[in-house]
Amino acid sequence: MKSIALIGAGYISDIHAQVIIEHGFGQIVAVVDPSKARATVVADKWQIARTFSSIDELIAAKIANVAHVLVPPPFHRNVALQLLHAGLHVLLEKPMAESDADCQILQEVAAGQKVAIQVNQNSIYFPAHQRLLGMIASHKLGRVRHISCIFNIPLRQIDARQLGHWMFHEPRNILLEQAVHPLSQIDSILGPIQHVKANAQPPHQLGAGVEVYDQWQFLLTCAQGTAIMIFAVGQSFPEWSITAICDDGLIQVDYLRNTVITRRPTKWMEFLDSAVVLERQAVDLSIQGGRNILSYLFSTLKLQKRSDVFYQSMLGSLGAFYRGLERNSEAMNGALGRRLVNVCEQITAQAGTLAKNNSIAPIPQQAQYDVLVVGGTGFIGRHVVAALLKAGKSVAVVARNTANLPKVFHDKRVGVFCGSAQDESVLRNALLGVRTVVSLAHGGGAESWPEMQQAIVGGAILLAKLCLEEKIERFIYVSSIAALDLSKPDVMISDSTPADPNADQRDSYSRAKAYAERELLTLYKESSLPVVILRPGIVIGEGGTAFHSGIGFYNRDAHCLGWNAGTNPLPFVL
């Protein structure tokens, strides 16, 4: 029985834990994360006995022999090295590392320690892709000669303007984050990619001085054939497909719809051949579509175990890793992960000199500022900072992510302090001389109640107490209508409406906002905290999205299934 540690308690840790536990790959003995709250949430949910705040603590405890490295890509190399040197087998989330040289170091250390290192390339294990590989192995359509791949997908981070994300720091990163998915599939069909020709379209200007190379074309020569690939992210219409052209037909895979169809010549004359082929494809697609619907319904109704494509791909990838450990396979050396990183390096080299974004946070230009905006680099924050500058104010900004900031934050009257709403020392430095404080801090990606309570409620209380100490003239706390009970149509909501008295029964975000309001109003009554609470509901503007649920129910950008009736006035901020 393998003793497994999860390194990193972000969103991906949940699916790793579920697959490991449901399929008996081993016993998860610990969760490691610098945030005790995050680690505790994952540990409590999956009944994991121990949590640690550092890898040193895990290694010292000597309780694990396998580690899943689930931290952001910039930390893959150093975290994996520490675990490998301690003699643990390592499964890394993609990419293996940020460079081929770093991958080589990981491989050499793993070999020296006689432990396995592998990368979770789960896209190879998509059910549709596995069917494709099975058809190729059967040789019914002959040898695959050429592949055409289209990877044209939306990207949440672009839509949300989360431009501080690692993938936007330099052009290669977006390939390491996204292109490795289809590249791994091509590698699994045609073997290692040996030669690359690549071209990047001019960068997409996202505004605020940030550029993204979001459209590429690749010509790939592989060990067993050739491939052409269109890679585009941040697109409105999603398409992820591969067409494999064989000696005696072709195979078309739609990864987003989990379907596979074939086209091969029939015995009929030319005028009948196309009709017969299309009819067969239509029947095949109908059967697969029906099977997908039934699988979804059965899983939703808990009549069968989780069976969505992502879960099945993770099950296939983790299963292959643990089977390899059992066999002590020599192939457990991260070769595929390294090949893909090397290909991404070749692509950026082939595409020529590509501009990097300014990922350096602006340095505070002065010791004191007029206004402090906490959480000021988000969508609302950018507009608030711009408005304050227009009004002639100098602005201190506290934010967790300070990379790739828009031009407004490089104004000499703006000082950016890297930290969260819970970092007391950072807040104290930023508060020097400030007379007005605006809090726009949110949950920072927190999902559970302990995380929300720490981030939203704890952050609001800490900032309020510091405001009292510094004798701030006005503390503007931006809450949300989520803090209110909006379930009674006959009750009029006004500025004096209190937070939902039954917030304990609400989701973690709404509950945290209600609790924060109560704590601030208590400080207002007992300590004269000069607080103003704002409760926006619908916030729309430049750099954001118009597809807000308060206006209409958008199933997709092009399809609004119903408009708000407009009979209930909501706090609308343009």
Side-chain angles (χ1 to χ4, degrees), residues 4 6 10-28 41-48 68 70 91 93 120-138 151 153-154 156 181-182 184-185 188 237-242 251-262 279-323 447-448 505 507-508 549 553-562:
I4 304 164
L6 303 181
Y11 79 96
I12 198 67
S13 63
D14 203 52
I15 187 71
H16 278 257
Q18 184 177 6
V19 171
I20 291 168
I21 292 170
E22 289 185 351
H23 296 274
F25 293 141
Q27 180 183 6
I28 306 177
V41 168
V42 175
D44 288 348
K45 179 174 181 179
W46 298 104
Q47 300 179 349
I48 301 168
H68 290 218
L70 315 177
L91 176 67
E93 272 296 325
N120 176 32
Q121 304 291 351
N122 64 294
S123 298
I124 296 172
Y125 296 92
F126 280 12
H129 191 75
Q130 287 294 298
R131 295 201 295 274
L132 165 66
L133 294 179
M135 290 178 181
I136 293 171
S138 72
F151 189 81
I153 61 167
R156 175 180 55 82
H181 292 297
S184 69
Q185 294 169 336
S188 70
F237 183 78
E239 173 70 9
W240 182 357
S241 61
I242 277 181
I251 309 169
Q252 293 178 318
V253 184
D254 186 330
Y255 293 100
L256 299 181
R257 294 161 188 83
N258 193 29
T259 59
V260 182
I261 59 173
T262 60
E279 182 181 5
R280 288 177 178 175
Q281 289 180 340
V283 171
D284 203 10
L285 284 174
S286 296
I287 292 171
Q288 293 181 65
R291 188 184 300 123
N292 290 340
I293 291 172
L294 290 175
S295 178
Y296 172 80
L297 291 175
F298 288 161
S299 295
T300 302
L301 296 172
K302 309 297 184 185
L303 299 175
Q304 68 179 32
K305 288 185 177 181
R306 183 174 172 182
S307 61
D308 58 272
V309 169
F310 179 57
Y311 181 86
Q312 291 184 65
S313 73
M314 292 293 290
L315 171 58
S317 182
L318 269 61
F321 174 71
Y322 282 100
R323 287 192 297 274
E447 297 179 358
S448 67
Q505 303 172 20
D507 64 276
S508 295
S549 59
F553 173 40
Y554 292 89
N555 190 36
R556 294 180 181 84
D557 290 357
H559 295 277
C560 180
L561 301 186

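In this structure, CG in L6 is found 4.5 Å from CD1 in I28, a value given to the nearest 0.5 Å. Atom CD1 of I242 and atom CZ of F126 lie 11.0 Å apart (nearest 0.5 Å). Here the OG atom belonging to S299 is positioned 10.5 Å from the CG atom belonging to L294, to the nearest 0.5 angstrom. Residue I15 holds its CD1 atom at 9.5 Å from CG of N122, rounded to the nearest 0.5 Å. Here I20 contributes atom CD1 and L318 contributes atom CG; the two are 5.5 Å apart, rounded to the nearest 0.5 Å. One finds the CD1 atom of I4 at 9.0 Å from the CD1 atom of I21 (value rounded to the nearest 0.5 Å).
Applying the salt bridge (Lys or Arg N to Asp or Glu O under 4.0 Å) test to pairs two or more places apart or on separate chains, none has a residue in residues 284-295.
D308 meets the salt bridge (charged side-chain N to carboxylate O under 4.0 Å, His left out) test with R306; sequence neighbours excluded. I153 meets the side-chain contact (heavy atoms from CB on, under 4.5 Å) test with F151, Q178, V233; sequence neighbours excluded. Remark: T259 engages no residue in a side-chain hydrogen bond (donor to acceptor under 3.5 Å, both in side chains) (not counting sequence neighbours). Residues passing the ring-ring contact (aromatic ring centres under 6.0 Å, His included) test with H16, sequence neighbours excluded: H68. Residues passing the salt bridge (charged side-chain N to carboxylate O under 4.0 Å, His left out) test with D254 are R257, sequence neighbours excluded. Every residue meeting the side-chain hydrogen bond (donor to acceptor under 3.5 Å, both in side chains) condition with R131, not counting sequence neighbours, appears here in chain and number order: Q288. For K305, there are no salt bridge (charged side-chain N to carboxylate O under 4.0 Å, His left out) partners, not counting sequence neighbours. Residues forming a ring-ring contact (aromatic ring centres under 6.0 Å, His included) with F321 (at least two apart in sequence, or on another chain): none. Scored by the ring-ring contact (aromatic ring centres under 6.0 Å, His included) test, F298 finds no partners at all (sequence neighbours excluded). Under the rule for a ring-ring contact (aromatic ring centres under 6.0 Å, His included), the partners of Y255 that lie at least two apart in sequence or sit in another chain are H129, W240. Residues passing the side-chain hydrogen bond (donor to acceptor under 3.5 Å, both in side chains) test with E22, sequence neighbours excluded: Q18, Y311.
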Criterion side-chain contact (heavy atoms from CB on, under 4.5 Å) on Y125 and Q130, from CA distance to verdict: CA-CA 6 Å; Y125 296 92; Q130 287 294 298; 3.9 Å; yes
From CA spacing to verdict: side-chain contact (heavy atoms from CB on, under 4.5 Å), Y322, H23: CA-CA 11 Å; Y322 282 100; H23 296 274; over 6 Å; no
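Distance alone, capped at 3.5 Å, places no donor-acceptor pair between the S317 side chain and the S313 backbone. The closest donor-acceptor contact from the side chain of S295 to the backbone of N292 lies at 3.5 Å or more, if one exists at all. Side chain of S184 to backbone of H181: a donor-acceptor contact under 3.5 angstrom is found. At least one donor-acceptor pair under 3.5 Å links the side chain of Q281 to the backbone N or O of T262.
Among the candidates L133, V260, I261, the single residue satisfying the side-chain contact (heavy atoms from CB on, under 4.5 Å) test with I251 is V260.
Closest of all the heavy-atom pairs between P127 and V309 is CD-CG1, 3.8 Å. In this structure, N258 and A128 approach most closely via the heavy-atom pair OD1-N, 3.3 Å.
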